[in-house]
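Here's the structure, in structure tokens; my notes come after.
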Amino acid sequence: MPEGHVIHRAAIKHNKAFSGKKLSVSSPQGRFSKGAKLLNKKTCLKVEAYGKHLFYTFEKDYHLHIHLGLFGRIRSHKAPPKDPRGQVRIRLFDTSTVVDVNGPTICELQDPTDFNKTIQKIGPDLLRKDADPQIFIDRVKKSKRSIAALLMDQSIIAGIGNIFRAEILWRNRINPNQRGSDLTKDDLLELWRDGQQLLDKALRTGKIITNDAAASRKKSEQLNIYKKKQCPRCSTQIQSFEIANRTCYLCETCQTTDC
DNA sequence: GCCGAATGCCCAA
DNA sequence: TGGGCCTTCGGCG
């Protein structure tokens, strides 16, 4: 269930637990047995995230590349290893921590060349401090696609998923169908900053909370528009439709940029 | 127990 | 642009 913050949280946690440690690696489900055998008993040097991609760098230039896709999950628990829950594609553990990954779209070993190719395809990542919003703006300006499609394109801007897309557009009163290149540079910078702030908060808390109101303690009040029936600002019925293969949400009263 | 949906992405046409 | 794929979970009977 991964937007960018989930992956970055895992990277930070696993890096702390595993960097410099020799790991046991297996594939309880079996579909990554070969790779697991190659990694088993090797030392993990670091764990890091680029957008929604998670990388474990091992000695001898082995890069374990994981992408959760829509259904993937990462779980961890204290050693000793428990019985695998569900289809555990890969399990990594040392004497204190066990990490299980279920249902990833990608679980593969990469050499340095492949690794570099992969990270070069990823656009500026809202959760990386060195990310350059100008790259995002330039790419949007060059495209004819809707802003909702562009925000989901990880080569344009990395880290946003369907929940953040809906929430960021609503917060900034932008119609999802609006062509990205018709937005001003300031609009785009504002979208960037808002996304950055929301993802940062999600990284720190582990929760997606996009409603600033004080009352957002209840789970049902933490989001504004994603899967909602009514707009919390003006009570207009929320519309939903597909953009870029995913359900998109719109309050036509609040999100009034022309399109 | 079955069915559909789900915080994603790739590839063939 | 549409279908396929990875797996889990909740709602419905």
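Predicted model only: the values in this text are computed from it and were never measured. Chain naming here is simple, since letters A, B, ... match the order of the sequence lines and numbering starts at 1 in each.
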Does the side chain of Leu189(A) come within less than 4.5 Å of Pro133(A)'s, by heavy atoms?
-> yes
Please work out which of the three classes, parallel, tilted or perpendicular, describes the rings of His65(A) and His53(A), given edges at 30° and 60°.
-> parallel
Relative to each other, are the rings of Phe115(A) and Tyr50(A) parallel, tilted or perpendicular (30° and 60° limits)?
-> perpendicular
Polar atoms only, N or O, under 3.5 Å: list the protein pairs with nucleotides 9-11 of chain C and their distances.
{"unit_1": "dC9(C)", "atom_1": "OP1", "unit_2": "Arg85(A)", "atom_2": "NH2", "d": "3.4"}

dG4(B) and dG3(C), which share atom name P, separated by this distance in whole Å | 16 Å
Send over the distance from Glu242(A) CD to dG8(B) C1', rounded to a whole Å.
-> 13 Å
Taking atom P in both dC10(B) and dT8(C), compute the distance separating them and give it to the nearest angstrom.
-> 22 Å
If we require ring centres under 5.5 Å and near-parallel planes under 30°, does Phe71(A) stack on dC6(C)?
-> no
Checking all strands, does Arg246(A) fall into the base, sugar-phosphate, or nothing category for heavy-atom contacts under 4.0 angstrom?
-> base
Check every strand shown and say whether Lys227(A) touches a base, only sugar-phosphate, or nothing at a heavy-atom separation below 4.0 Å.
-> sugar-phosphate
ILVMFWY network linking Ile122(A) to Val6(A), side-chain heavy atoms under 4.5 angstrom | no
Whole angstrom is fine here: how far is it from NE2 in His65(A) over to C1' in dC10(B)?
-> 13 Å
Do His5(A) and Phe164(A) have ring centroids that are under 6.0 Å from one another?
-> yes
Find which nucleotide of DNA chain B each of Lys121(A) and Ile208(A) is nearest to by heavy atoms, and output the residue with the more 5' nucleotide.
-> Ile208(A)
Measure from NZ on Lys144(A) to P on dT1(C) and round the result to the nearest Å.
-> 13 Å
Remaining members of Val98(A)'s ILVMFWY cluster at a side-chain heavy-atom cut-off under 4.5 Å?
-> Phe93(A)
Is any side-chain heavy atom of Gln110(A) less than 4.5 Å from a side-chain heavy atom of Thr118(A)?
-> yes
Between dG8(B) and His67(A), is there an OP1 or OP2 to side-chain N/O distance shorter than 4.0 Å?
-> no
Which nucleotide, dG8(B), dA6(B), dC9(B), lies nearest any side-chain atom of Gln154(A)?
-> dC9(B)
Could you check whether Gln29(A) gets within reach of a base, just the sugar-phosphate, or nothing at all, counting any heavy atom under 4.0 Å?
-> sugar-phosphate
Quiz item: cation-pi between Arg165(A) and Trp170(A), 6.0 Å / 45° | no
Phosphate OP1/OP2 of dT8(C) contacted by Asn102(A) side-chain N/O (<4.0 Å) = yes
Whole angstrom value for the distance that separates P of dG8(B) from CG of Leu54(A) | 16 Å
Quickly work out the Met152(A) CE to dG8(B) P distance and round it to whole Å.
-> 5 Å
Please report, rounded to the nearest Å, how far the C1' atom of dC6(C) is from the CD atom of Gln87(A).
-> 10 Å
Could you tell me the separation between the CG atom of Asn245(A) and the P atom of dG3(C), rounded to a whole number of Å?
-> 10 Å
Is the phosphate of dC5(C), meaning OP1 or OP2, less than 4.0 Å from a side-chain N or O of Arg31(A)?
-> no
Could you state the atom-to-atom distance from CD1 of Ile106(A) to P of dC11(B) in whole Å?
-> 9 Å
In whole Å, what separates the P atom of dA5(B) from that of dG13(C)?
-> 15 Å
